[in-house]
Amino acid sequence: MITKNKLNRKQQIIEKATQLFQKQGYAATSMRDLASYIGIEAASLYSHIKSKEEILQTICFQMANDFFESLEKIELEKSSADEKLKKAVISHVIVLTKDSAASAVFFSEWRHLSESYLKDFLSMRNNYENKFIQILIDGYKEGVFKKMDAKFTVLALLSSINWMPSWYKPEGKLSPEEIAENVTDVFINGLKIRS
């Protein structure tokens, strides 16, 4: 049975590792670097985690799950496609800004996952993107959005948002919700059929 203390220590290690991976990159960070950064012996790390990749897996899949959970709630709502798209972008930005170090690692270091985990990760990413694509397709069918390449549009939309970890500051002028609303206004106005 895992004690709460051990779980908390593991979480602390993951949080510190996330900061270090953001600062110097996953590949450039050794277990010795991590132990030194945390202030413990390298051998002590292995009583809490199996490997450096276990930490990366935890970061990547936890973020992916957070993105999915926030979007699944929106999918179940009975609202128009443009409203769903707006809410989906806002939820994406909120997940993204909750932990900017984890977001930065999620977007830049996932390539270092080993083959089986990488395959699962890419499958999750495709499924997530497909949920956004479906919102655009539904919007076209509803007569809300004009005809477009839905996949390209979703990739452009998400790419514009996913740069946030490199520039977002919690103390900045705009809140995550305001940033998301500005982004969706630009995209939704470009997608809507003019009456």
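Numbers here are sequence positions counted from 1.
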Nearest heavy-atom contact between Arg9 and Ile38 is NH2-CG2, 3.7 Å

>> Hydrogens and angles aside, do Asn162 and Ser159 bring a side-chain donor and acceptor to less than 3.5 Å of each other?
In response: no

Indicate yes or no: at least one non-hydrogen side-chain atom of Ser103 is less than 4.5 angstrom from one of Thr97.
no

| said: Checking Asn65 against Glu69: is there a side-chain donor and acceptor pair closer than 3.5 Å? | reply: no

Item to complete: Decide yes or no for Glu129 and Arg125: does some side-chain heavy atom of the first lie under 4.5 Å from some side-chain heavy atom of the second?
Response: yes

Report task. Tell me whether Leu155 is reachable from Tyr128 by hopping between hydrophobic residues (I, L, V, M, F, W, Y) whose side-chain heavy atoms are closer than 4.5 Å. Result -> no

Parallel, tilted or perpendicular, as decided by the 30° and 60° cut-offs, for the rings of Phe106 and Phe67
tilted

The complete set of side-chain hydrogen bond (donor to acceptor under 3.5 Å, both in side chains) pairs with one or both residues in residues 105-115, sequence neighbours excluded, reads Glu53-Ser114, Glu109-His112

| query | Under 4.5 Å between any side-chain heavy atoms of Lys52 and Leu34, yes or no? | reply | no

With side chains defined as the heavy atoms from C-beta onward, is the minimum distance between Thr153 and Phe132 less than 4.5 Å?
no

Between the CD atom in Glu54 and the CD1 atom in Ile59, the distance rounded to the nearest 0.5 Å is 11.0 Å

Student check: side-chain heavy atoms of Ile179 and Ile161 closer than 4.5 Å = no

Query raised in the report: Should we count CD of Glu41 as having more than 12 external heavy atoms under 6.0 Å?
Result: no

Checklist line | CA sep, side-chain torsions, deciding dist, call: Glu77, Lys87, salt bridge (charged side-chain N to carboxylate O under 4.0 Å, His left out) | finding: CA-CA 10 Å; Glu77 291 180 9; Lys87 288 180 179 180; 2.8 Å; yes

When rounded to the nearest 0.5 Å, the distance separating CD of Gln12 from NE2 of His48 is 9.0 Å

Would a 4.5 Å heavy-atom cut-off, applied to side chains only, mark Gln24 and Leu20 as touching? yes

When rounded to the nearest 0.5 Å, the distance separating OG of Ser44 from CD1 of Ile13 is 8.5 Å

Requested in this report: Look at the aromatic rings of His92 and Phe107 and report parallel, tilted or perpendicular, splitting at 30° and 60°.
Outcome: tilted

Besides Ile94, the hydrophobic cluster formed by Ile, Leu, Val, Met, Phe, Trp and Tyr side chains linked at under 4.5 Å, directly or via other members, contains Ile90

Nearest heavy-atom approach of Phe145 to Ile135 is CE1-O, 4.1 Å

Quick one, Leu136 and Leu85 - any side-chain contact, counting heavy atoms below 4.5 Å? yes

Discussion item. Would a single hydrophobic cluster contain both Val89 and Ile74, if residues Ile, Leu, Val, Met, Phe, Trp and Tyr are joined by side-chain heavy-atom contacts under 4.5 Å?
Written reply: no

Original post:
Are any non-hydrogen side-chain atoms of Leu56 and Tyr117 less than 4.5 angstrom apart?
Top reply: no

CD1 (Ile14) and OG1 (Thr58) are apart, to the nearest 0.5 Å, by 4.5 Å

**Lys146 NZ/CZ over Tyr140 ring centroid, <6.0 Å and within 45° of normal** = no

Closest heavy-atom pair, Met164 versus Leu96, reported as atoms and distance to 0.1 Å, is CB-CD2, 3.6 Å

Rounded to the nearest 0.5 angstrom, the OG1-CD distance for Thr29 and Gln22 is 11.0 Å

For Ser70 and Val95, the nearest pair of non-hydrogen atoms, with its separation, is OG-CG2, 3.8 Å

Smallest heavy-atom separation, Ala64 atom then Met124 atom, equals CB-CE, 3.7 Å

Value for CG (Leu71) from CD (Glu75), rounded to nearest 0.5 Å, stands at 5.0 Å

